[in-house]
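All remarks here apply to the structure that follows.
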Amino acid sequence: MSEQVEHEADAPIDRGGYDFHAMQAKWRPVWEKLDPFKARDDGSAERRYALTMFSYPSGDLHMGHGEVFALHDVLARFWFQQGYDVMNPIGWDSFGLPAENAAIKRNEHPATYTYANIETQAESIRRYALSFDWSRRLHTSDPEYYRWTQWLFLRFFERGLAYRKASYVNWCPNDQTVLANEQVVQGRCERCGHEVTKRELTQWYFKTTDYAQRLLDDMDLLQWPEEILLQQRNWIGRSEGAFTDFRVEGREEPIKVFTTRPDTLFGATFMVVAPDSKLAEELVTPEQRGAFDEYLTAVKASTEIERLSTDREKTGVFLGAYATNPVTGERIPVWAADYVLSDYGTGAIMAVPGQDSRDWEFAEKFGLPIVRTVQPEEGFDGKAYTGDGPAINSANAEVDLNGLPIPEAKARIVDWLQDKGLGERTINYRLRDWLLSRQRYWGAPIPIIHCPSCGEVPVPDDQLPVELPDQRGAALAPRGISPLASARDWVDVACPKCDGPAERDTDTMDTFVDSSWYFLRYVSPEYTEGPFDPEAARRWMPAYQYVGGKEHAVLHLLYARFFTKVLHDMGMLDAVEPFTRLLNQGQVINEGKAMSKSLGNGVNLGDQLDSFGVDAIRLTMVFAGPPDDDIDWADLSPGGSLKFLQRAWRLSGAVEAPAGVDFSTGDLALRKITHRTVADATELLESYRFNVMVARVMELVNATRKAIDSGPGAADPAVREAVETVAILLSLVAPYTAEDMWENLGHEPTVAKAGWPKVDPALLVQDSVTCVVQIAGKVKDRLEVSPDITDAELEQLALASDAVQKALDGRGTRKVIVRAPKLVNIVPA
RNA sequence: GCGGCUCUGGCCCAAUUGGAAGAGGCGUCUGGCUUAGGACCAGAAGGUUCAGGGUUCGAGUCCCUGGAGCCGCACCA
């Protein structure tokens with residue numbers, strides 16, 4: 001907290017009767033009684049679903065919440081004013097590790113911490129005056145909610161979209177649980193930042209890869225920031241190429257490889273397989289067994305950070321096996337190296353050092369042959385050449401690629417491979433299936449029973465939810481297996497199929513499963529026949545607007561899209577996409593850096609609200625700049641926001657024209673400004689330019705002040721019109737101030753439903769505009785002209801100007817560009 | 001390494017999408033009102049639009065090169 005802030009808080013300042021504490025105390029109960037933001041869902045108006053990312057209940061709201069909620073609320077309130085039937089729900093993403101860790105530390109149940117925090121946040125949200133429909137509130141940790149999370153899991157399971165497999169998986173040693181690919185950021189745990197290691201485990205997966213292409217294709221339907229779409233596109237990582245078979249000496253099955261560069265096949269001088277793949281295990285010869293085992297051990301011990309480092313020297317080991325290059329017939333060695341990944345493509349590659357820098361490095365280090373198959377550009381002195389050029393050294397008795405540029409060479413060789421049955425065109429995706437099991441307590445139990453005779457048996461729907469056993473405190477301490485496993489009387493059950501002894505699955509679901517469908521639960525939170533009422537979903541989905549952070553680009557936002565598509569395929573949902581428009585707010589930082597405990601530069605939202613009031617803080621957030629930019633709290637002036645609100649508020653006490661007066665008799669100049677402001681604000685709000693919209697309201701306030709003090713005066717009807725307009729526009733950002741203004745103006749609450757002001761188009765037309773006359777781009781004169789002057793008239797007028805004639809000084813004109821009514825540019829001869 | 005975004009008065013940011021560089025706010029300064037004020041009212045100063053080149057009658061805006069900052073991905077064959 002800066003000194004300035006404390007000063008503001010301590011010294012009472014005369015704000016001309018403006019008292020935000022009193023206003024907050026006065027209006028909150030009034031609104032709660034009126035409950036104006038409940039979605040009607042009765043067909044009386046066009047529906048609009050406004051959604052903001054629900055909150056994780058770790059303590060009270062912070063500055064980031066303050067920003068995202070303020071921005072989201074501007075849009076929601078705008079649509080309420082415009083008369084839409086807005087659904088603006090709120091809930092909590094209340095499963096997850098922080099609650100569990102807190103429970104261990106305090107020796108209590110995670111629910112205690114969770115629900116206490118939810119109440120704290122709910123109180124703060126109410127104080128923050130957000131236009132939520134509280135009747136739809138949900139918590140993902142409620143059994144009534146997670147029963148449907150489990151129900152959905154079972155439907156996925158039935159369709160083969162949820163399955164178990166053994167694999168090397170990401171493991172966070174700190175959180176003692178596995179992580180999805182999406183939760184590993186730069187080799188570190190997305191949640192706690194600890195280095196991630198690998199473990200071989202049998203885990204549950206969702207088959208996201210089945211939807212890779214549709215996740216790409218349907219991006220066309222989304223009005224999302226290009227940045228996010230790009231991230232998803234890269235994450236899905238579609239690449240077109242070919243499978244090619246390489247025969248291996250003494251082995252029945254050929255090795256299949258994926259390559260995007262089949263045109264370089266003639267340059268494949270060795271092969272590399274992933275060391276942790278079954279293939280490596282099978283191929284290694286007895287002579288090389290010792291070296292291979294040693295290498296594999298070293299690879300497993302390395303962390304993801306080490307493995308991902310691209311400047312690390314290549315490592316690998318010869319497996320003793322040889323394959324045959326299908327086009328050259330050459331005998332080529334097969335190596336194992338950890339730069340080849342076991343879970344991408346087939347876990348094996350053909351190495352073409354001449355055209356691939358990784359293969360070049362490897363070949364150089366281990367003395368393997370290098371053959372160029374693309375002619376590098378003149379003067380190329382690098383190593384591997386990855387650019388385009390004519391193929392060279394690429395012919396055998398049956399096929400000749402030499403001289404062809406890469407695309408043609410690719411096509412020809414793949415045709416040949418397909419004819420010979422040696423390969424085929426294919427598409428590969430970088431996206432992996434979503435690993436959803438977690439070895440932790442505070443999540444939805446996976447509703448599967450493992451039976452020695454029947455295998456994986458789903459818990460029957462009528463036995464849902466599978467509730468968590470009552471465990472708390474030290475019992476939850478991470479020890480690498482799920483805490484649920486130690487609840488023996490919970491684990492041991494009769495198999496639903498054969499009634500024999502069986503055990504429950506002891507893992508819980510990734511909390512991203514909970515959040516992949518919460519927006520659907522909102523449409524019918526009381527529904528008992530399924531996760532949501534399909535009819536209600538038809539009415540509300542897809543959500544028109546989603547507001548939240550960009551950190552979810554390839555996490556929640558991708559998972560929610562996947563769930564929506566599966567539910568669509570199940571016939572439960574018309575929508576194929578969950579969120580039509582997306583707005584990512586920036587971060588609130590302080591003095592150039594992210595706020596953090598270690599830096600000690602944190603700003604507490606509650607303190608800010610105490611010092612400046614809810615409205616001033618909301619206004620500061622919205623006015624700071626474009627919503628997707630980061631905002632630096634040190635650059636901003638909540639005191640300035642407060643000053644403006646007070647200035648606006650004082651107008652409402654100055655108005656002398658009675659409520660209901662006919663505005664049309666008011667001062668024309670001020671009326672024009674008012675209507676222009678509303679027209680501009682409408683457009684600015686639709687395109688997320690809230691900061692500019694606030695600036696327009698400030699202009700209107702300034703113009704109104706001037707009209708009162710030195711213009712037509714406080715009794716003019718135009719002044720009332722302007723101030724009522726200010727109140728309504730301001731109600732999106734500063735609801736308490738706006739409501740108080742509305743009352744001062746003689747109206748009943750609530751200004752939030754006053755209705756968006758109607759623009760009179762006649763008041764938008766200007767009587768005259770200033771036309772700039774340039775000579776060779778330099779301004780020489782200005783003319784007041786009619787807005788609908790013709791090009792010809794304007795040109796004549798401009799040429800007749802004294803200033804122009806003087807500047808031309810007898811020179812003729814070579815060219816005259818006329819852009820009526822704003823500009824004439826004369827190019828002299 | 002690859003890709004994306006950003007760069008405009010001291011500061012946060014506008015600029016009708018190629019047409020007068022400045023809307024709004026903060027800060028500074030001057031005057032008024034005031035016992036006084038950080039409150040209120042009126043007004044003012046402040047610029048090579050990151051640098052260089054190009055396209056154009058005209059560039060903050062489009063293109064190229066470079067710089068700075070932020071972000072994403074990073075052995076994906």
Side-chain angles (χ1 to χ4, degrees), chain A residues 4 7-8 11 13-16 18 185-187 225-228 230-231 234-235 237 239 241 257-261 264 268 272 307-312 314 337-341 343-352 355-359 361-362 428-432 550-551 553-554 586-587 589 592 619-620 623-626 628-632 634-641 643-644 646-647 650 680 683 689 691-702 705-706 709-710 770-779 782 813-817 819 822-828:
Chain A
Q4 187 198 356
H7 194 116
E8 293 262 6
I13 291 167
D14 175 14
R15 300 208 175 272
Y18 180 92
V185 178
Q186 318 242 316
E226 198 47 48
E227 182 192 356
I228 301 294
L230 186 73
Q231 270 192 62
N234 292 340
W235 189 258
S239 65
V257 303
F258 173 73
T259 178
T260 55
R261 293 293 305 275
T264 64
V272 186
R307 201 188 63 75
L308 288 173
S309 161
T310 38
D311 47 330
R312 187 182 61 132
K314 290 277 178 290
D338 67 354
Y339 80 94
V340 172
L341 310 176
D343 56 354
Y344 182 75
T346 61
I349 62 159
M350 64 179 213
V352 188
Q355 271 70 233
D356 184 288
S357 50
R358 298 154 300 181
D359 297 343
E361 269 179 57
F362 194 81
N428 221 325
Y429 299 91
R430 210 187 76 120
L431 183 72
R432 309 296 151 85
K550 55 190 125 196
E551 65 276 13
V554 295
Q587 305 237 293
I589 61 174
L619 175 67
T620 304
F623 184 54
D628 47 342
D629 281 6
D630 286 352
I631 60 181
D632 192 332
D635 291 337
L636 304 176
S637 172
S641 299
K643 205 168 96 180
F644 164 71
Q646 177 189 352
R647 184 171 153 84
R650 272 191 288 112
D680 286 354
E683 210 181 297
R689 288 149 69 204
N691 55 323
V692 187
M693 176 266 188
V694 171
R696 291 281 179 278
V697 179
M698 289 173 169
E699 284 181 80
L700 179 56
V701 167
N702 290 344
R705 180 82 258 163
K706 194 168 250 175
D709 291 348
S710 55
T770 307
C771 173
V772 178
V773 185
Q774 302 177 329
I775 291 180
K778 300 244 184 316
V779 180
R782 293 178 171 82
T813 61
R814 188 154 65 91
K815 198 171 177 183
V816 181
I817 292 108
R819 293 285 178 273
K822 303 215 60 173
L823 176 129
V824 177
N825 188 11
I826 298 161
V827 187

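Reminder, nothing fancy here: chain letters follow the sequence lines and each chain counts from 1.
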Base-pairing mate for [N] - Watson-Crick or G-U, with both contacts under 3.5 Å:
N     : answer
B/G69 : B/C5
B/A14 : none
B/U30 : B/A42
B/U56 : none
B/G47 : none

Side-chain donor or acceptor of [X] under 3.5 Å from a matching atom on the base of [N]?
X        : N     : value
A/Lys550 : B/C71 : no
A/Arg782 : B/A20 : yes
A/Asp635 : B/C12 : no

What integer distance in Å separates [X]:[atom1] from [N]:[atom2]?
X        : N     : atom1 : atom2 : answer
A/Asp632 : B/C70 : CG    : P     : 13 Å
A/Ile589 : B/C11 : CD1   : C1'   : 14 Å
A/Glu683 : B/A14 : CD    : C1'   : 15 Å
A/Asp338 : B/A77 : CG    : P     : 17 Å
A/Arg647 : B/C40 : CZ    : P     : 8 Å
A/Leu636 : B/C26 : CG    : P     : 12 Å
A/Leu700 : B/G24 : CG    : P     : 13 Å
A/Phe258 : B/C75 : CZ    : P     : 17 Å

How about A/Asn702 and A/Arg647: does a side-chain donor come under 3.5 Å of a side-chain acceptor? yes

Please tell me if [X] has a side-chain N or O lying less than 4.0 Å from either OP1 or OP2 of [N].
X        : N     : value
A/Asn702 : B/A23 : no
A/Arg689 : B/A23 : no
A/Arg430 : B/C73 : no
A/Lys822 : B/G19 : no
A/Asn234 : B/G3  : no
A/Tyr344 : B/A77 : yes

Taking the side chain of [X] as heavy atoms from C-beta outward, which of [options] is closest to it?
X        : options             : value
A/Pro626 : B/C13, B/C41, B/A77 : B/C13
A/Phe623 : B/G24, B/A20, B/A14 : B/G24
A/Lys643 : B/A20, B/G27, B/C75 : B/G27
A/Val779 : B/C57, B/A23, B/A20 : B/A20
A/Ala695 : B/C73, B/G43, B/A23 : B/A23
A/Arg819 : B/A77, B/C57, B/C75 : B/C57
A/Gln231 : B/G72, B/A15, B/G24 : B/G72
A/Trp235 : B/A74, B/C41, B/G19 : B/A74
A/Val185 : B/C73, B/G43, B/A77 : B/C73
A/Val772 : B/A14, B/C40, B/A20 : B/A20

Rounded distance in Å between the [atom1] positions of [N] and [M]:
N     : M     : atom1 : answer
B/G22 : B/C64 : P     : 29 Å
B/A44 : B/G27 : C1'   : 14 Å
B/G10 : B/G3  : C1'   : 35 Å
B/A39 : B/G32 : C1'   : 14 Å
B/U61 : B/C5  : P     : 16 Å
B/C12 : B/C7  : C1'   : 14 Å
B/G46 : B/C41 : P     : 25 Å
B/A51 : B/G60 : C1'   : 14 Å

Which pair of non-hydrogen atoms, one from [X] and one from [Y], has the smallest distance, and what is that distance?
X        : Y        : answer
A/Gly345 : A/Phe258 : CA-CB, 4.4 Å
A/Lys550 : A/Asp628 : NZ-O, 3.6 Å
A/Asn691 : A/Pro626 : ND2-N, 3.6 Å
A/Thr620 : A/Ser637 : OG1-O, 4.3 Å
A/Ala268 : A/Met350 : CB-CB, 4.1 Å

Tell me whether B/U17 sits syn or anti, counting syn as a glycosidic angle within 90° of 0. syn

Checking A/Trp235 against A/Arg430 for the side chain to side chain contact (heavy atoms under 4.5 Å, CB included) test, could you report, in this order, the C-alpha distance in whole Å, the side-chain angles of both residues, the deciding distance, and whether it holds? CA-CA 7 Å; A/Trp235 189 258; A/Arg430 210 187 76 120; 2.8 Å; yes

Using a 4.0 Å heavy-atom cut-off across all strands, classify [X] as base, sugar-phosphate, or nothing.
X        : result
A/Asn428 : nothing
A/Ser239 : sugar-phosphate
A/Gln774 : base

Does any N or O in the side chain of A/Asn428 come within less than 3.5 Å of the main-chain N or O of A/Ser239, such that one atom is a donor and the other an acceptor? no

Result for 5'-nearest mapping on RNA chain B, choosing between A/Arg814 and A/Asp630, is A/Asp630

Return whichever of A/Val694 or A/Asp629 has its heavy-atom-nearest nucleotide of RNA chain B closer to the 5' end. A/Asp629

Value rounded to 0.5 Å, distance of CE in A/Met698 from CG in A/Leu619: 5.5 Å

